[in-house]
Amino acid sequence: LEEPLIFELAGTDTTGVDLPEIEGGPNRLGGMERTAPIGLPGLSEPETVRHYTRLSRQNYAIDLGLFPLGSCTMKHNPRLNEKIARMPGFADVHPLQPVSTVRGALEVINELAFWLIDLTGMHGVAMSPKAGAHGELCGILCIRAALEARGDPREVILVPESAHGTNPATAAFAGYRVENIPANADGRVDLEALKARLGPDVAAVMITNPNTCGLFERDMKAISDAVHAAGGFVYCDGANFNAIVGKIRPGDLGVDAMHINLHKTFSTPHGGGGPGSGPVVLSEALSPYGPLPFTARTADGVVHLVEEENAAEFDHTQAFGRMTAFHGQMGMFTRALAYILSHGADGLRQVAEDAVLNANYILRSVEDLLEAPFGKSGPCMHEALFSDAGFSEGLSTLDLAKSLVDEGYHPMTMYFPLVVHGAMLVEPTETESKAGLDQFIAALRSVAERARAGDVSMKQAPYYAPRRRLDETLAARKPVLAWSDPDSA
Amino acid sequence: LEEPLIFELAGTDTTGVDLPEIEGGPNRLGGMERTAPIGLPGLSEPETVRHYTRLSRQNYAIDLGLFPLGSCTMKHNPRLNEKIARMPGFADVHPLQPVSTVRGALEVINELAFWLIDLTGMHGVAMSPKAGAHGELCGILCIRAALEARGDPREVILVPESAHGTNPATAAFAGYRVENIPANADGRVDLEALKARLGPDVAAVMITNPNTCGLFERDMKAISDAVHAAGGFVYCDGANFNAIVGKIRPGDLGVDAMHINLHKTFSTPHGGGGPGSGPVVLSEALSPYGPLPFTARTADGVVHLVEEENAAEFDHTQAFGRMTAFHGQMGMFTRALAYILSHGADGLRQVAEDAVLNANYILRSVEDLLEAPFGKSGPCMHEALFSDAGFSEGLSTLDLAKSLVDEGYHPMTMYFPLVVHGAMLVEPTETESKAGLDQFIAALRSVAERARAGDVSMKQAPYYAPRRRLDETLAARKPVLAWSDPDSA
Amino acid sequence: MRYLPLTDADRGAMLARIGASSIDDLFVDVPQEARLSGPIEGLPLHASEMAVEQHMRRLSKKNLAAADAPFFLGAGAYRHHVPATVDHIIQRGEFLTAYTPYQPEIAQGTLQMLFEFQSQVARLYGCAVANASMYDGSTACWEAVAMAGRVTRRKRVVLSGALHPHYAEVVRTMAKFTDDEIADALPSLQGTPDNAGLIARIDEETSCVVVQYPDILGRIPDLAAIVEAAHAKGALLIAVNTEPVALGAIKAPGELGADIVVGEGQAIGVGLQFGGPYLGLFAVRDPKHVRQMPGRLCGETVDAEGKRGFVLTLSTREQHIRREKATSNICTNSGLCALAFSVHMTLLGEEGLRRLASWNHALACKAADRLARVPGVRVLNDSFFNEFTLVIDGDAREIVRKLADDGVLAGVSLGRLYPAEEALKGGLLVAVTETTPEEDIETLASALEGALS
Amino acid sequence: MRYLPLTDADRGAMLARIGASSIDDLFVDVPQEARLSGPIEGLPLHASEMAVEQHMRRLSKKNLAAADAPFFLGAGAYRHHVPATVDHIIQRGEFLTAYTPYQPEIAQGTLQMLFEFQSQVARLYGCAVANASMYDGSTACWEAVAMAGRVTRRKRVVLSGALHPHYAEVVRTMAKFTDDEIADALPSLQGTPDNAGLIARIDEETSCVVVQYPDILGRIPDLAAIVEAAHAKGALLIAVNTEPVALGAIKAPGELGADIVVGEGQAIGVGLQFGGPYLGLFAVRDPKHVRQMPGRLCGETVDAEGKRGFVLTLSTREQHIRREKATSNICTNSGLCALAFSVHMTLLGEEGLRRLASWNHALACKAADRLARVPGVRVLNDSFFNEFTLVIDGDAREIVRKLADDGVLAGVSLGRLYPAEEALKGGLLVAVTETTPEEDIETLASALEGALS
């Protein structure tokens with residue numbers, strides 16, 4: 001059975017709520033009454049539940065199986081955290097309530113901030129960014145504010161070839177010119193090339209570590225030292241922090257700013273595309289420029305909300321501004337804090353170890369069939385990178401990925417990083433069992449063998465998904481982005 | 001992917017909880033320490049969530065589509081009711097807390113009791129029975145207690161042919177001899193045959209109204225009068241109360257006892273087989289014999305818990321005993337009360353009307369293809385009854401039902417009531433939309449046409465379910481009722 | 001009406017297809033005088049979701065939730081921490097809104113779960129086979145008594161004096177109508193259960209002996225001795241357990257020779273819920289007794305393609321087939337509670353269950369030691385798991401009520417359970433689980449000191 | 001560790017396959033001095049689910065939940081009743097634990113939902129196309145400003161003085177780094193918005209005019225006049241809405257000619273949540289602007305068998321394709337909040353939304369009338385929907401704090417929003433929704449009377 005659209009299921013005169021009908025009479029809407037039809041269909045509760053339940057079953061999800069999207073970190077979402085986020089004291093609190101009535105909320109933010117600072121070995125943290133990309137922007141804006149404060153505006157940000165697409169987008173948004181730094185043969189930043197490019201025009205280097213080839217940047221400390229020596233700052237993309245959490249502190253490697261995707265490392269649910277949360281940890285040099293609002297605990301144990309009004313009391317007059325209306329993603333903070341407290345310092349360390357172990361297990365279990373371009377560059381971290389070298393002519397990474405769908409799995413990240421041809425980035429995360437990995441490895445080996453053997457049926461995969469391959473070109477060429485009533489056309 | 005058993009997924013040394021390990025040392029277990037292995041596998045939380053999520057997807061459910069099981073009343077389960085049942089003041093309260101700390105819980109029971117009495121036009125209600133069959137037993141035990149109290153023990157209970165299987169089982173359990181009463185040609189109790197059988201040995205008549213042919217027993221009042229005149233009681237099986245709730249009060253028809261399936265009429269979820277709840281409304285003659293405990297509101301508005309201890313204060317010394325340890329299905333009471341308050345007296349009436357309308361709509365939309373044995377006996381009530389007359393040789397009701405699975409529907413009730421050959425009992429309930437019914441009717445017509453035409457492929461249906469037809473004979477002949485480790489065999 | 005999808009236009013169109021001119025035409029078989037002409041008077045009309053939620057919340061706030069007070073109640077219902085995953089899973093629409101799995105091809109989710117549940121219960125109880133659940137422990141207990149009657153064809157039932165009095169009352173109530181003879185007794189306030197007295201009551205007419213383990217006073221009887229005595233007279237031994245967590249610490253009744261093991265499963269996964277819905281567990285040690293068992297059974301089989309699958313089986317014992325010859329009239333069971341139990345037990349596993357049991361016992365030992373130091377209080381039990389009996393100078397029931405007024409839920413007094421028995425009125429059952437913070441033990445001790453001084 | 005399935009035996013076997021002798025071998029690329037030898041000091045170790053839940057519950061109880069007090073806060077975040085169905089659906093694992101739908105064949109659930117969501121938002125806003133959501137209203141507002149710059153290739157941004165000050169501050173902050181010029185102003189305490197003053201600030205360099213509707217003081221500006229003025233100078237009109245329920249009662253900004261309509265969707269389906277996650281809505285009136293829009297878009301297409309399906313489309317605007325030339329750096333959005341909004345809106349439908357809006361307005365009118373009778377209080381607004389401004393003799397911020405101590409959450413003072421502005425300190429924003437019982441209005445009135453006397 002195909003599920004129709006809500007617009008095809010009901011008209012605008014039905015509803016799934018029971019509300020009183022207020023008779024007309026005078027109003028105070030300033031003459032702006034909405035009189036024309038709006039066109040919003042209303043479904044009864046039974047129809048609504050069924051519509052969305054049926055739709056949901058056309059999705060793949062972590063709850064159904066391994067979701068090996070490299071760099072996306074699809075790990076199990078603990079159900080406790082959902083329960084906690086719904087406690088009325090967190091869910092039913094207004095962001096502008098008097099501070100005396102939200103002490104617990106401020107404590108949550110402050111407690112999480114404390115953990116993030118300690119786990120990263122940094123000095124401060126900006127909690128309000130709403131997602132990873134927003135956090136990146138926050139970090140770069142801190143850098144720009146710091147440079148401007150010392151009267152040394154610079155123009156260039158260096159970004160490695162393998163960076164996340166958000167990195168250059170962010171740098172450009174903040175008004176910088178972006179220059180690439182090449183990778184060396186083993187998949188890491190070319191230290192010498194970087195050093196050669198450093199100079200008084202370089203505001204910062206944006207580095208992802210572990211990098212998007214799944215490798216740890218061995219020279220991280222040397223890079224940081226060189227950048228600092230040249231008067232620049234080091235921005236670290238923290239999307240892969242889950243590989244090292246509890247094992248390595250970025251602050252020890254000279255990082256000045258790093259965003260942390262709470263929805264990756266600390267397992268707040270992705271929800272089909274968000275919400276995320278991207279707090280940014282900051283070095284001592286950058287902390288004064290972090291945005292408002294934030295929380296601060298004074299010696300008496302009281303947690304304060306620091307906003308424009310009282311920033312001076314907390315010696316924070318250099319804040320570069322405000323990134324969002326309120327205090328950040330409270331719903332994600334409660335979940336992330338619950339996750340962190342559940343694991344503790346020992347459990348988080350184990351998270352990193354198991355994530356890395358699982359990825360290496362996959363890497364070594366399939367590299368005889370799938371080319372691992374940096375397989376000789378040392379162990380991978382939390383994700384294993386493969387290329388399409390060895391595929392039979394005419395078959396692509398896309399075909400392998402879609403064939404994996406027929407094996408019952410979500411595909412890995414494809415064609416990223418760009419430095420590898422036909423890249424496939426596999427991140428199992430720490431919440432997969434060995435038995436689950438073995439089953440996945442068998443499936444991956446099976447499709448890899450078919451790709452090598454030139455099984456052309458792969459070009460039409462998937463066969464067993466709710467839909468066959470979808471025509472993305474048509475969608476872009478003739479965009480249909482909202483429903484319109486065929487009867488009124 | 002096939003989902004293994006938990007016993008195949010994990011050993012007994014793993015766990016999905018983090019609990020402290022208490023070191024040995026002295027205990028006070030009286031020398032009964034359990035030392036031998038127990039054999040219970042433990043799964044981490046991610047594995048657990050995935051296991052049960054995957055299993056769940058092999059089920060059909062109301063949330064996925066129409067569930068037309070006659071006499072089972074599979075209607076939408078409002079989500080509000082789930083939320084309410086989980087309020088800590090209901091979910092986290094012990095049944096033996098001092099009464100001063102559970103006033104709200106007692107009020108819920110009392111408020112629901114008040115509605116049940118009013119909706120049925122009866123005198124009292126026993127709230128503690130745990131399910132419909134348990135309620136039936138309660139009602140029959142009230143009758144037996146009342147007869148014994150007047151020194152007139154009787155031996156026989158009359159049950160119509162079309163009764164639910166629980167009716168004779170219950171009567172037999174309570175020590176009665178069961179005798180059938182035939183139906184007349186139009187599918188109703190044969191009033192004359194009944195009258196002829198009445199006498200001083202008949203303790204009660206158990207009648208289902210609307211009956212299991214989906215018809216209203218027109219002669220109900222005459223039956224009651226005749227039974228009462230002969231010194232017996234009238235028990236009404238209330239499983240079909242949803243067809244008349246808010247429209248007709250069984251008390252007005254002379255009923256002495258009727259259980260109400262809260263999980264049918266008042267929409268508490270079936271949960272794959274329970275829990276249910278079966279309060280029994282009682283006439284003035286039977287009320288004194290209702291079991292303990294129950295609630296009573298005194299003139300001062302206080303709701304009291306009446307147990308063995310204070311039964312005398314509430315003039316209830318003739319209670320026949322106690323049917324269960326505590327106070328009944330509180331979790332079902334909160335849901336049922338929320339359902340009742342949501343609908344109100346007007347909405348409940350609409351429930352009955354829409355349930356009957358939907359059933360008649362199906363009856364009249366397919367009776368040209370599916371034989372309706374009592375189609376001429378007047379409108380049906382909440383369910384439409386069909387027979388296999390007209391099927392091609394060799395095809396059965398079972399084949400049609402399993403073919404309906406391939407159309408995306410749960411089958412109707414089959415081979416019940418027994419009075420009709422190859423019976424199919426279809427109950428859509430009031431929570432289906434017209435569009436949904438039309439789609440179902442089209443599917444039903446399609447399989448009916450195939451059955452008439454003799455499409456032998458139906459004998460192997462279903463084809464598109466998680467499993468093909470299962471071998472029930474094998475299961476019964478060589479019962480495997482628990483997992484055993486093949487390695488230890 | 002938010003739950004009713006039909007519009008008036010739909011209703012009109014449908015009546016037209018049916019050939020009726022009004023809804024009332026469809027109720028034509030109901031005598032006119034029995035038809036109400038409008039909504040029943042004196043009852044409120046429909047209400048918004050918000051209004052209903054507010055009303056119910058107001059009622060819920062009139063109860064003192066266990067989480068909001070020092071809490072020590074047990075006596076057949078125990079408060080344990082239930083992992084959030086359990087509730088998440090039982091709210092999956094596919095489990096919550098499914099019917100009894102009579103169509104196995106599209107109910108494998110429920111069926112496989114039940115098969116796993118049966119296997120877990122059988123192992124927990126040390127038995128061969130468990131069924132797919134009963135209403136609750138008390139009704140399971142009665143069903144066991146009835147089954148023993150079918151197996152032994154005898155009518156005399158010997159109840160231990162330390163069987164939960166509500167369970168005993170359910171048995172007595174049912175027996176009134178089945179002409180079984182019930183030999184029961186009261187518990188005696190001794191540190192060790194009176195096995196000898198119980199054994200003395202068993203005779204050649206006895207169909208079964210019913211023993212609670214741990215018993216109503218929290219003591220752990222040595223079942224093996226009673227089993228031997230019962231079997232010597234040809235009677236079955238029915239063991240009743242109301243705290244399944246205990247079986248992570250003490251031997252399984254089946255191991256000790258009990259023939260039928262029944263109990264309340266609420267402590268694992270289900271929660272307190274003011275007494276229901278709960279979860280009746282029912283298992284037999286000897287597979288030959290399976291066909292006399294009440295309730296549903298799920299069994300393994302294969303489908304037409306040879307794939308493993310599960311079905312409800314041996315239904316020839318059940319009422320919808322056997323009608324008046326059924327083993328029981330039970331129809332609905334506690335499927336969703338069985339799921340909750342099974343999910344929680346799967347999360348625990350043997351390792352978790354044993355740790356949980358050890359922790360409960362250790363805390364209970366601490367509590368017993370602390371409370372024994374309260375003047376005027378002594379601990380009765382020689383043995384216990386997570387619940388024990390205090391004997392107090394005074395009326396424990398009054399003290400419980402008084403402490404409740406001060407916000408301490410002190411336990412269950414024997415006076416509440418046996419209101420007529422003067423000799424028991426000093427008894428107070430105190431249960432301690434992993435949910436009991438150690439400071440609450442101190443709070444209880446102080447409160448008792450205050451109340452007794 | 002309950003979330004980590006590997007056992008030590010597994011780890012050993014896996015290391016063996018990898019050919020490593022220890023986990024540390026896998027971290028060999030990390031300089032030895034950067035590797036911590038054990039758990040970070042000073043931080044607690046892992047904790048049971050129960051312990052974490054208890055800790056978080058303790059913190060949650062230190063907050064005063066809106067349900068537990070008379071509550072009148074708005075100012076960009078509104079409290080409405082959210083049907084229980086909404087939360088049930090967003091907790092379906094298939095929605096909750098799915099990723100951004102990059103693999104459309106196995107993500108049709110999320111994609112169809114997003115297509116429906118986009119269609120609902122477009123209709124609500126009176127626009128042609130809406131995107132699949134932004135972080136929140138304030139960031140959506142900034143993205144609209146940036147988009148207007150791309151469309152008009154101008155750099156001057158005119159902000160209405162009655163734009164939410166946090167939104168204005170976000171725009172100012174971002175503009176610092178993009179060299180946009182921001183012309184802003186303060187709100188004036190008048191009953192009707194100062195359209196003339198705003199229009200006077202528009203010039204030939206202006207890329208866009210940003211107007212909130214209803215505005216921060218609750219007044220409903222006549223957008224049409226400003227649209228006309230903006231278009232006359234070649235500028236775009238950006239309308240900002242922070243209370244979508246209002247659009248069930250007042251004309252859609254798109255109907256009135258706004259070019260870009262952005263807003264906060266939190267009021268429908270999402271809840272208060274102390275400010276986040278919220279739901280940024282973004283729509284354009286003219287389809288030709290679609291390719292300049294930020295954020296994800298879901299579009300209709302067909303699969304290889306011709307069946308209708310949905311995909312993310314026009315991704316050439318996005319950062320993962322365009323890198324430094326992207327329309328925005330936005331990546332994650334508010335997918336799950338969009339689902340909550342869409343489910344709630346589906347339950348409401350047009351009929352429900354209009355009723356809800358009428359009810360809100362009627363209650364707010366009652367509240368305004370009642371509060372106007374409090375001595376020392378006047379109602380500023382000539383027009384409003386469900387929120388209006390009181391002007392009080394005294395410091396409203398102090399009064400709000402004082403009333404909070406008495407358990408009344410009286411509203412948002414302008415002093416909280418504009419701490420530096422003496423002229424605004426008597427202002428108090430009061431929001432009234434269907435969740436406000438009428439008796440709470442009386443409570444607020446009495447409390448204000450008490451505080452002002």
Side-chain angles (χ1 to χ4, degrees), chain A residues 1-4 8-11 14 16-18 43-57 61-67 74-81 83 86-88 267 341-344 346-347 354 406-409 429-436 439-440 443 464, chain B residues 1-4 8-11 14 16-18 43-57 61-67 74-83 86-88 267 341-344 346-347 354 407-409 429-436 439-440 443 464:
Chain A
L1 290 175
E2 295 298 320
E3 186 60 17
E8 297 157 347
L9 283 168
T14 48
V17 297
D18 291 308
L43 271 66
S44 68
E45 184 178 310
E47 295 171 284
T48 302
V49 168
R50 203 173 277 172
H51 176 68
Y52 289 101
T53 301
R54 285 172 170 176
L55 282 188
S56 77
R57 288 168 61 103
I62 315 165
D63 279 5
L64 292 171
L66 191 83
F67 211 125
M74 295 297 286
K75 60 170 75 169
H76 172 68
N77 303 128
R79 290 314 186 272
L80 171 66
N81 305 353
K83 183 175 181 184
R86 286 163 173 81
M87 290 175 177
S267 190
L341 293 173
S342 292
H343 284 82
D346 55 335
D354 284 358
D406 286 331
E407 300 282 332
Y409 290 97
T429 84
E430 74 280 4
T431 58
E432 295 299 324
S433 69
K434 179 170 179 296
Q439 207 170 27
F440 173 69
Y464 306 114
Chain B
L1 291 174
E2 295 297 323
E3 186 60 18
E8 296 158 345
L9 283 167
T14 49
V17 297
D18 291 307
L43 270 67
S44 67
E45 182 178 312
E47 295 171 284
T48 303
V49 168
R50 202 172 277 171
H51 175 70
Y52 289 101
T53 302
R54 286 173 169 175
L55 282 188
S56 76
R57 288 168 61 104
I62 314 166
D63 280 5
L64 292 171
L66 190 84
F67 211 125
M74 295 296 285
K75 61 170 75 170
H76 172 66
N77 302 128
R79 288 316 187 270
L80 171 66
N81 305 355
E82 294 305 306
K83 184 176 181 184
R86 286 164 173 82
M87 289 175 178
S267 189
L341 293 173
S342 293
H343 285 81
D346 55 335
D354 285 359
E407 300 281 333
Y409 290 97
T429 84
E430 73 280 4
T431 59
E432 295 300 324
S433 69
K434 177 169 179 297
Q439 205 170 30
F440 174 69
Y464 305 114

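Chain identifiers are assigned alphabetically (A, B, ...) following the order of the sequence lines, protein sequences preceding nucleic acid strands; residue numbering begins at 1 within each chain. As the structure is a computational prediction, the values presented were derived from the model and not from experiment.
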Against chain A, work out which of B:Leu9, B:Ile62, B:Asp18 has the most heavy-atom pairs shorter than 4.5 Å and name it.
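Max contact count across the listed options: B:Ile62.
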Hey, which of B:Gly436, B:Gly65, B:Ala10, B:Ala61 has the most heavy atom pairs under 4.5 Å with chain A?
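Sorted descending by pairs with chain A, the first entry is B:Gly65.
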Hey, what do you get for [atom1] ([X]) to [atom2] ([Y]), rounding to the nearest 0.5 Å?
{"X": "A:Arg50", "Y": "B:Glu432", "atom1": "CZ", "atom2": "CD", "value": "4.0 Å"}
{"X": "A:Thr431", "Y": "B:Glu45", "atom1": "OG1", "atom2": "CD", "value": "10.0 Å"}
{"X": "A:Leu64", "Y": "B:Arg54", "atom1": "CG", "atom2": "CZ", "value": "7.5 Å"}

All side chain to side chain donor-acceptor pair (under 3.5 Å) counterparts of B:Ser44, not counting sequence neighbours:
B:Glu47
According to side chain to side chain donor-acceptor pair (under 3.5 Å), who are the partners of A:Asp63, at least two apart in sequence or on a separate chain?
A:Arg79
Between A:Leu43 and chain B, with a heavy-atom cut-off of 4.5 Å, which part of the residue counts as in contact: side chain, backbone, both or neither?
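It is neither, since no heavy atom gets under 4.5 Å.
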Could you walk me through whether B:Val49 and A:His76 pass the side chain to side chain contact (heavy atoms under 4.5 Å, CB included) check?
CA-CA 9 Å; B:Val49 168; A:His76 172 68; 3.6 Å; yes
